[in-house]
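Here is the structure we will look at.
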Amino acid sequence: MENNDWNKQRVLEVLRDAGVNPTSQRVEIGYVLFSSCAHLSAEEIMQRVNADYPVVSKATVYNTLGLFADHALVREVIVEPGKVFYDPNVSLHHHFYYVDSGELQDIPGSALQISEIPELPPETEVEKVEVVIRLRQRAAH
């Protein structure tokens, strides 16, 4: 869905359809995240939501993003300890992470083939496989 297709009423409906109570703060957070079509950190989301006047606390942002992830509305992409992006694209895909700029870029799921995975521990099954390929600029020679 293109970012111009999102409005707050649409966010409210998506939250309701997912079984999430659409409080005004959750709608604001959802609107920022879904309309941006970008990978954002919790801090970036909080800054955008509170750009005009502070309405949402840090705890509310983190709790809401956790709730959205629990209801499969966003994916948490952990690129390094303490660095988490929230991705509104929940389809099967992977990521390039540019270490130098901190940017995250989608890789279509079909662009990466995983031919084998290690033997699984007893009584477990694969839920999904997510790959983050970390990139850095080459040093000048």
Between the side chains of [X] and [Y], does any donor sit under 3.5 Å from an acceptor?
X: H94; Y: D106; answer: no
X: H93; Y: D87; answer: yes
X: Q9; Y: E13; answer: yes

- Give the C-alpha distance, both sets of side-chain angles, the deciding distance and a yes or no for side chain to side chain contact (heavy atoms under 4.5 Å, CB included) between M46 and S57. CA-CA 8 Å; M46 189 172 79; S57 71; over 6 Å; no
- Message: With a 4.5 Å cut-off on side-chain heavy-atom distances among I, L, V, M, F, W and Y, is there a chain of contacts connecting I78 to Y86?
- Response: yes
Does [X] use its side chain to pair, donor to acceptor, with the backbone of [Y] at less than 3.5 Å?
X: N21; Y: T23; value: no
X: S35; Y: Y31; value: yes
X: T64; Y: V61; value: no

- Item | Side-chain hydrophobic cluster, 4.5 Å single linkage: members besides V131 | F96, Y98, I107, L112, I114, I117, L120, V126, V129, I133, L135
- Each residue besides V132 in its hydrophobic cluster should be listed here, by chain and number; the cluster joins Ile, Leu, Val, Met, Phe, Trp and Tyr at side-chain heavy-atom distances under 4.5 Å. V77, V79, F85, Y97, V99, L104
- Do E28 and R26 meet the salt-bridge criterion of a basic N to acidic O distance under 4.0 Å? no
- Task: Report the C-alpha distance between F68 and I29 in whole Å, list the side-chain angles of each, state the deciding distance to 0.1 Å, and finish with yes or no for side chain to side chain contact (heavy atoms under 4.5 Å, CB included).
- Result: CA-CA 10 Å; F68 287 3; I29 292 166; 4.2 Å; yes
